[in-house]
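Residue numbers begin at 1 in each chain, while the letters A, B, ... track the order of the sequences.
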Amino acid sequence: MGVEEFKGVWVFSENYELAYQLLGKGREIADKLKVELVVVSLGAGAVERGKVLIARGADKVYAAEDPALKTFQVETYTDALAGLILQHKPEMVIIGGSRKGKELAPRIATRLKVGCIPGATAVELDEDKRQLVATRVLYGGNLFSVESCVLKPQIVSVLPRSYEPLPPDGGRRGEVVEVKVQVNPSPTTLLEVKPKEKGTVKLEDADIIVSLGRGVKKPEDIAMIKALAEALGGQLGCSRPIAADYRWLPEEHWVGLSGRTVKPKVYVACGISGQIQHLAGMRDSKKILVINKDREAPFFKACDYGIVGDIYEVVPKLTVAVKGLIKG
Amino acid sequence: MTKIAVCVKQVPDLAELKFEKDRPTVVAKEVPRKISDFDKNALEEAVRIKEKQGGEVTAITIGPPEARDALKEALAIGADKAVLLNDPAFERLDSIMTASVLSSAIKKLEGFDIILCGEASIDGYSAQVGPSLAEWLGIPQITYAKGVKVEGGKVVVERSLEDIIEVVEAKTPLLITVVREINEPRYPSLMMIKKAGKKEIAEFNAAALGLDPEPLKTSGFRLQILRAEAPSMERKKVIFEGDAAEAVQKLVQTLQADKVVGG
């Protein structure tokens with residue numbers, strides 16, 4: 001198969017919100033390359049989704065509603081996608097880097113015997129080389145590695161929220177093509193789906209996050225941080241020890257490399273030293289405010305505003321001041 | 001008897017990471033190395049399965065001779081056998097080719113019911129070796145396991161996704177990747193460490209695995225690393241010190257002036 005035969009930009013995510021985000025970036029890349037932007041839609045309702053995907057930027061939708069694809073299972077989805085890729089030969093395939101997407105992308109790449117850049121936070125196009133240039137984070141957020149694929153199709157998984165979706169445009173023209181795919185029966189059986197034991201926290205959606213770290217001495221004191229979060233109209237976050245070691249807060253509050261990746265408008269860190277693993281989860285916040293009694297805490301080198309002081313003294317005062325501000 | 005393979009990677013301890021001055025390059029030699037965190041969870045889970053219902057655990061790693069330390073630790077934790085895959089051709093493999101080399105070893109050693117991996121390594125964090133290995137072996141995978149139950153030839157896994165838990169059943173042979181919350185890895189006793197020191201570590205190079213080293217050297221990396229960059233942390237760094245009440249007042253004024261809060 002000659003390299004010149006590969007043409008077009010493809011997007012796939014089993015999570016449609018994520019697919020919309022990738023279509024935003026995919027549109028830009030496809031326009032520069034003057035090729036079609038194709039999105040693959042699999043599972044129940046895949047055809048019906050086609051219109052929405054076109055409104056979100058796709059030129060063409062390959063939709064397959066094979067009963068074996070009803071719910072995401074990595075082996076059946078690999079069969080379907082690898083089959084379609086082999087048949088149509090896109091030059092780049094951008095896969096949404098949800099947990100499911102991250103297990104799917106390498107499986108497809110292995111079947112096609114090509115490489116795969118995992119968990120990129122950004123993808124750009126090298127127009128001359130017709131190459132995707134992807135950035136990903138290594139060593140717990142200490143290093144950005146900028147990589148490209150040697151072989152085609154180029155496959156990359158892109159982390160959620162790396163790009164904004166385009167606003168839906170009902171006037172956009174596109175084609176929904178219902179396709180048949182060859183899928184082996186799934187070797188695994190999904191017995192049950194349960195929600196994670198949790199409240200309603202969705203840190204990724206929060207505009208303001210107030211996080212606590214080891215500076216908080218006992219679980220009862222979380223109320224003090226929570227009061228500030230509430231005064232600001234924000235959500236409560238935390239560093240690794242609070243969620244993973246002490247288990248004072250459920251995992252859904254955990255910001256960091258192994259926790260959630262957030263980029264709120266304002267991130268307030270109370271009593272968090274600013275270890276690289278934590279910074280990796282909130283580095284892209286618009287404004288960062290740090291309260292810590294240790295002037296040498298690394299977080300002060302990575303903040304917009306800071307107060308050197310005891311959180312037990314500063315946070316309640318700040319809460320009062322913020323309340324006054326919002327009332328006034 | 002359940003035959004389990006655990007893939008482990010020796011990684012730099014991120015808490016002790018050092019970088020070359022003004023260059024985004026890790027000073028590898030000065031950084032202590034350890035078994036990657038989630039791989040240790042995978043190892044612990046393998047040993048627990050064995051302890052519950054009998055079996056045999058083989059720890060496998062790709063690495064230089066120094067990676068024997070990781071295997072000794074794996075033996076001390078409870079692995080029965082350890083295998084080092086060491087060849088100059090293995091030095092620069094990307095995750096998909098790493099999985100390919102592992103699959104050759106697993107096929108050679110044969111008969112594994114369960115292959116356990118960590119969700120990802122803490123240094124590269126690609127999370128690709130497990131799924132790719134399953135594909136090379138042509139077996140099903142269940143990733144992000146937070147609980148594993150083995151009943152005969154059947155395995156039931158609770159997997160932890162972003163917002164949901166999926167309970168999935170599969171037959172062996174099966175590949176499972178685990179998340180940190182699955183267990184608390186044990187610290188080996190002195191006696192276990194002593195005993196492990198006497199165990200033999202098998203070693204295979206490319207030829208022993210039936211692999212041609214030359215193409216691995218050239219095509220082992222299907223990704224091209226264009227450059228490495230230090231993350232930029234250009235921030236304002238307006239810091240207030242001294243009296244708390246005053247600092248808060250000044251901060252709030254600044255936040256207002258910069259339109260961060262209060263409209």
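Between Gly124(B) and Arg136(A) the shortest heavy-atom distance is O-NH1, 3.0 Å. Thr188(A) approaches Pro140(B) most closely through the heavy-atom pair CG2-CB, 3.9 Å. Closest approach of Ile96(B) and Cys116(A) over heavy atoms only: CD1-CB, 4.3 Å. Taking every heavy atom of both residues into account, Lys102(A) and Ser126(B) meet most closely at CE-O, 4.1 Å. Among all heavy-atom pairs drawn from Arg283(A) and Arg235(B), the shortest one is O-NH2, 2.9 Å.
Counting heavy-atom pairs closer than 4.5 Å to chain B, the top-ranked of the candidates Lys286(A), Gln131(A), Lys287(A) is Lys287(A). In terms of heavy-atom pairs under 4.5 Å with chain A, the best-connected choice from Ala99(B), Gly130(B), Ala247(B) is Ala247(B). Most heavy-atom pairs under 4.5 Å with chain A, from the set Asp37(B), Asp123(B), Val157(B): that is Asp123(B). Here Gln128(B) is the residue among Lys250(B), Glu119(B), Gln128(B) with the most heavy-atom pairs under 4.5 Å with chain A. Of the listed residues Val308(A), Thr135(A), Leu151(A), the one with more heavy-atom pairs under 4.5 angstrom with chain B than any other is Val308(A). Interface check for chain B: of the options Ala321(A), Gly115(A), Gly306(A), the most heavy-atom pairs under 4.5 Å are formed by Gly306(A).
Only the side chain of Tyr144(B) comes within contact range of chain A, judged by heavy atoms closer than 4.5 Å. Residue contact with chain A, scored on non-hydrogen atoms closer than 4.5 Å, involves the side chain of Val179(B) exclusively. Heavy-atom distances place the side chain of Val266(A), and not its backbone, under 4.5 Å from chain B. Neither the backbone nor the side chain of Ile291(A) comes within contact range of chain B; no heavy atom of the residue lies under 4.5 Å from a heavy atom of that chain. The part of Leu255(B) that comes within reach of chain A is its side chain, from C-beta onward, which places non-hydrogen atoms under 4.5 angstrom from that chain. With a 4.5 angstrom heavy-atom cutoff, Ser98(A) touches chain B via backbone and side-chain atoms both. There is no contact between Ala120(B) and chain A, counting heavy-atom distances below 4.5 Å. Contact annotation for Val11(B): neither backbone nor side-chain heavy atoms come within less than 4.5 Å of a heavy atom of chain A. For Ile122(B), the part lying near chain A is the backbone, with the side chain staying farther off; criterion is any non-hydrogen pair under 4.5 Å. At a 4.5 Å heavy-atom cutoff, Val290(A) makes no contact with chain B through either its backbone or its side chain. Residue contact with chain B, scored on non-hydrogen atoms closer than 4.5 Å, is absent for Gln154(A). Heavy atoms of Val74(A) lying under 4.5 Å from chain B belong exclusively to its side chain. Contacts between Leu289(A) and chain B at a heavy-atom distance below 4.5 Å involve the side chain alone, from C-beta outward.
Counting heavy atoms from C-beta on, the side chains of Glu75(A) and Gln141(B) come closer than 4.5 Å. Side-chain contact between Cys303(A) and Ile239(B): present, with at least one pair of heavy atoms (C-beta onward) separated by less than 4.5 Å.
How far CG of Leu190(A) is from CD of Glu169(B): 11.0 Å, rounded to the nearest 0.5 Å. Distance check: Arg180(B) CZ to Arg240(A) CZ gives 4.0 Å after rounding to the nearest 0.5 Å. Atom CD of Gln73(A) is separated from atom CD1 of Ile142(B) by 9.5 Å, given to the nearest 0.5 angstrom. With values rounded to the nearest 0.5 angstrom, Met97(B) atom CE is found 9.5 Å from Thr110(A) atom OG1. For the atom pair NZ (Lys237(B)) and CD1 (Ile288(A)), the distance works out to 11.0 Å, reported to the nearest 0.5 Å. The CD1 atom of Ile307(A) sits 11.0 Å away from the CD atom of Glu246(B) when rounded to the nearest 0.5 Å.
A salt bridge is absent between Asp163(B) and Lys196(A); no separation between the charged side-chain nitrogens and carboxylate oxygens falls under 4.0 Å. Ion pairing of Glu103(A) with Arg159(B) is present here, as a side-chain N (NZ or NE/NH1/NH2) and a carboxylate O approach within less than 4.0 Å.
Not counting sequence neighbours, Tyr77(A) has no partner by the side chain to side chain donor-acceptor pair (under 3.5 Å) test. In terms of the side chain to side chain contact (heavy atoms under 4.5 Å, CB included) criterion, residue partners of Glu313(A) (sequence neighbours excluded) are, by chain and number, Asp310(A), Lys317(A), Ala244(B).
Heavy-atom neighbours of Lys265(A) NZ from other residues, nucleotides or ligands within 6.0 Å: at or below the threshold of 12.
Side-chain N or O atoms of Arg99(A) include one that pairs as donor or acceptor with a backbone N or O of Ser160(B) at under 3.5 Å.
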Inset, instruction - Kindly indicate, with the supporting measurements, whether the criterion salt bridge (charged side-chain N to carboxylate O under 4.0 Å, His left out) is fulfilled by Glu166(B) and Lys100(A). - result: CA-CA 12 Å; Glu166(B) 282 187 357; Lys100(A) 285 177 173 173; 3.1 Å; yes

